[in-house]
Asks: 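Next up is a structure, given as structure tokens.
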Amino acid sequence: MKGMTIIVKTISSWVKVLIFLFGIYIVLFGHLTPGGGFAGGVILASCYVLLMLAFGREYAEENLSLPVASKLDCVGALLFAAVALCGLLYGAASFFWNFIHQEYLVGTDYEFNLVSAGTIPLSNIAIGLKVGASLFLVVLVLSMFRPEMSGNKED
Amino acid sequence: MTVFYILLLFMIIAAIIAVETKNLLGAVICIGAIGFGASLMFLFLRAPDIAITQIVVEVLGLIILIRACISRELTFISGPREFFGVVVSVAIIFAIFLAGIEVLKTLPDFGTPIFAQVPEAASQTYISEGMQKTGAANLVASVILDFRAYDTLGEATVLFTAIIGATVILRKKTKKLLEDPDQ
Amino acid sequence: MLYALCFLLFMIGLYCAVVKKNMVKIVIGIMVMEYAVNLFLIMLGYRFGGIAPIVDKGQLDLETGQIAAGFLNSSVDPLPQALVLTAIVISLGSLALMISICIRTYEKYGTFDITQIRRLKG
């Protein structure tokens, strides 16, 4: 559980920043370029999984512990539902109504900018948070199961 | 056109090796070969969103699969199942094979999809009006998060339930284990 | 013909899931079936000489908001891509669930063989 060799640790400490930045880029620009919340969320999760494989589970848990990951998971799901519910309160009063684009940005030439497409970037951020946190959570739980099993065998 | 055949044959060969090899770790690595071949195939089929997602999901899936079969006493399980079970399985496979052959006759030719010939198809509306109605240049994002956002809500629920199930199954100590001294 | 090869891939996965006795092999068969189905759905929307369903700056008329006819006539179908995108992430979640069931079973019975598990009932 102490991690891998010094070569892997050095390289992954350089690369982790780039992977995290690339994940954030994929999430934020999901409505203009290929990508979106799903792909970006899995990239963010794989950044933490890289930390866990290279430095050991304890180091990854210092950065993002299991309660924090489960709370982030719930926050992502609630944020996605909240964006959908906001559509119910505004304008045409239907679930998932894209109220920002239809009411505030209508007639303006905001196309191909980062701030465009109404609620789609907000939903992308919520989905990315949810997918990333939940997939890191499941890998963390799978790796935490190991000590108990070896303990049982010794008994 | 040729590249599709080459990639599909590569995936089929990798699948046969993954099914028939005795080594469990080798089978997992062959699954990785199938996944990366599928990712390349998505890229050539003009679906870059899915290619990105597939290649990242494949890496995480390989880590999870290797986690299952590393540091285990990998007993090579061989020998057939019971006779009755084998007969039933072969009957099921044969029935699905016959049904699939019937379906393959009715499919349109590759490269000439149905939605291109029907003017009132839903996909035509997404392509022609999706940019105006949602403002997103990526039409896949506009379909996922605006036109068909209920699908995404259901997907989030399914993912949430699967993660909760995995967490509960791998819980440290269950109440039954604590109460029952035999375990 | 490409559809037939895709169906062959599906049949290999089905054979693996139905006939094999190793639990991890069954999971592998289910994964192969998932790949085959995803590929088939994407293939249904492809057209010859197609381009990805992402609008460029040159293809949108900024005054009227109309999409250029060249894009309308050559874009591939965005609908199956959107459905498959969610299915891939769901398959990762269900893979984690299946693997956790396998690990739990191995811890209890000490083997991945499903016929052994049936005999050690109770």
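Keep in mind that the numbers below use all heavy atoms, side chains included, and drop hydrogens, waters and symmetry copies. Chain identifiers are assigned alphabetically (A, B, ...) following the order of the sequence lines, protein sequences preceding nucleic acid strands; residue numbering begins at 1 within each chain.
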Asks: Only pairs of heavy atoms separated by less than 4.5 Å count here; which of C:Val84, C:Ile28, C:Val24 has the most with chain B?
Replies: C:Ile28
Asks: Which atom names give the shortest non-hydrogen contact between B:Leu104 and C:Ala4, and what distance separates them?
Replies: CD1-CA, 3.9 Å
Asks: Is chain B contacted by the side chain of C:Val76, its backbone, both, or neither, given a heavy-atom distance below 4.5 Å?
Replies: both
Asks: Take C:Lys25 and B:Glu20 through the side-chain contact (heavy atoms from CB on, under 4.5 Å) test and state the conclusion after the steps.
Replies: CA-CA 9 Å; C:Lys25 275 288 178 67; B:Glu20 287 304 325; over 6 Å; no
Asks: Checking B:Asp151 against chain C: side chain, backbone, both or neither under 4.5 Å from a heavy atom?
Replies: side chain
Asks: Apply side chain to side chain contact (heavy atoms under 4.5 Å, CB included) to C:Leu2 and list each qualifying residue two or more places apart in sequence or on a separate chain.
Replies: B:Met1, B:Phe4, B:Tyr5, B:Leu8, B:Phe110, C:Met43
Asks: What are the two closest heavy atoms between C:Ala96 and B:Ala166, and how far apart are they?
Replies: O-CB, 4.4 Å
Asks: Measure distances from C:Ile90 to the heavy atoms of chain B and classify the residue's part below 4.5 Å as side chain, backbone, both or neither.
Replies: both
Asks: Count the heavy-atom pairs under 4.5 Å between each of C:Ala82, C:Gly13, C:Gly93 and chain B, then report the option with the highest count.
Replies: C:Ala82
Asks: For B:Met11, which atoms come within 4.5 Å of any heavy atom of chain C: side chain, backbone, both, or neither?
Replies: both
Asks: Would you mind listing every salt bridge (Lys or Arg N to Asp or Glu O under 4.0 Å) that reaches into residues 97-119 of chain B, with sequence neighbours excluded?
Replies: B:Glu102-B:Lys105
Asks: Out of B:Ile64, B:Ile50, B:Leu159, return the one with the most heavy atom pairs under 4.5 angstrom to chain C.
Replies: B:Ile50
Asks: Would you say B:Tyr150 has more than 12 foreign heavy atoms packed within less than 6.0 Å of its OH?
Replies: yes
Asks: Who wins among C:Val32, C:Leu95, C:Asp77, C:Ile88 for the most heavy-atom pairs under 4.5 Å with chain B?
Replies: C:Asp77
Asks: Using non-hydrogen atoms and a 4.5 Å limit, figure out which bit of B:Ile92 sits close to chain C: side chain, backbone, both or neither.
Replies: neither
Asks: Evaluate B:Leu24 against C:Asn22 for side-chain contact (heavy atoms from CB on, under 4.5 Å), listing each step before the verdict.
Replies: CA-CA 9 Å; B:Leu24 212 52; C:Asn22 194 334; 3.6 Å; yes
Asks: Is the CD1 atom of B:Ile114 crowded by more than 12 outside heavy atoms at less than 6.0 Å?
Replies: no
Asks: Looking at chain C, which one of B:Leu9, B:Ile34, B:Val88 has the largest number of heavy-atom pairs inside 4.5 Å, strictly under?
Replies: B:Ile34
Asks: Let's test your reading of the structure: which of C:Met11, C:Met98, C:Met31 forms the most heavy-atom pairs below 4.5 Å with chain B?
Replies: C:Met11
Asks: So which of B:Thr112, B:Ile101, B:Ile163, B:Ile96 has the biggest tally of heavy-atom pairs under 4.5 Å with chain C?
Replies: B:Ile96
Asks: Which of the residues B:Gly100, B:Ala38, B:Ala14 is involved in the greatest number of heavy-atom pairs with chain C at under 4.5 angstrom?
Replies: B:Gly100
Asks: Could you tell me which portion of C:Ile99 (side chain, backbone, both or neither) has an atom closer than 4.5 angstrom to a non-hydrogen atom of chain B?
Replies: side chain
Asks: Pair B:Thr161, C:Leu97 - check side-chain contact (heavy atoms from CB on, under 4.5 Å), show working.
Replies: CA-CA 10 Å; B:Thr161 316; C:Leu97 184 59; over 6 Å; no
Asks: Quick one, C:Leu14 with B:Phe97, criterion side-chain contact (heavy atoms from CB on, under 4.5 Å). Give me CA distance, side-chain angles, the key distance, then yes/no.
Replies: CA-CA 10 Å; C:Leu14 185 70; B:Phe97 179 72; over 6 Å; no
Asks: Distance-only, no hydrogens or angles: does the B:Gln54 side chain make a donor-acceptor pair with backbone N or O of C:Tyr35 under 3.5 Å?
Replies: no
Asks: If I measure from the heavy atoms of chain C, does B:Phe160 come under 4.5 Å with its side chain, its backbone, both, or neither?
Replies: neither
Asks: To the nearest 0.5 Å, what is the distance between CD1 on C:Ile103 and CD1 on B:Ile169?
Replies: 10.5 Å
Asks: Quick one: what part of C:Tyr3 sits under 4.5 Å from any heavy atom of chain B, side chain, backbone, both or neither?
Replies: both
Asks: Of the backbone (N, CA, C, O) and the side chain (C-beta and beyond), which part of B:Ile12 lies under 4.5 Å from a heavy atom of chain C, both, or neither?
Replies: both
Asks: When only pairs under 4.5 Å are counted, which of C:Cys16, C:Ala36, C:Pro53 shares the most heavy-atom pairs with chain B?
Replies: C:Pro53
Asks: When rounded to the nearest 0.5 angstrom, what is the spacing between OG1 in B:Thr152 and CG in C:Leu83?
Replies: 9.5 Å
Asks: Is B:Val158 close to chain C through its backbone or its side chain, or both, or neither, when contacts mean heavy atoms under 4.5 Å?
Replies: side chain
Asks: Heavy atoms, side chains only, cut-off 4.5 Å: are C:Gln81 and B:Leu139 in contact?
Replies: no
Asks: Heavy-atom pairs under 4.5 Å with chain C - which of B:Val103, B:Ile16, B:Leu45 has more of them than the others?
Replies: B:Leu45
Asks: Can you tell me how far CD1 of C:Ile12 sits from CD1 of B:Ile17, rounded to the nearest 0.5 angstrom?
Replies: 10.5 Å
Asks: What distance separates C:Leu92 CG from B:Leu60 CG, expressed to the nearest 0.5 Å?
Replies: 6.0 Å
Asks: What part of B:Ile31 lies closer than 4.5 angstrom to a heavy atom of chain C: side chain, backbone, both or neither?
Replies: both
Asks: Minimum heavy-atom separation for C:Gly50 and B:Arg46, please, with both atom names.
Replies: O-NE, 2.9 Å
Asks: Go through B:Tyr126, B:Phe42, B:Phe147 and name the one with the most non-hydrogen pairs under 4.5 angstrom from chain C.
Replies: B:Phe42
Asks: Hey, are the side chains of B:Leu107 and C:Phe40 touching, using non-hydrogen atoms and a 4.5 Å cut-off?
Replies: yes
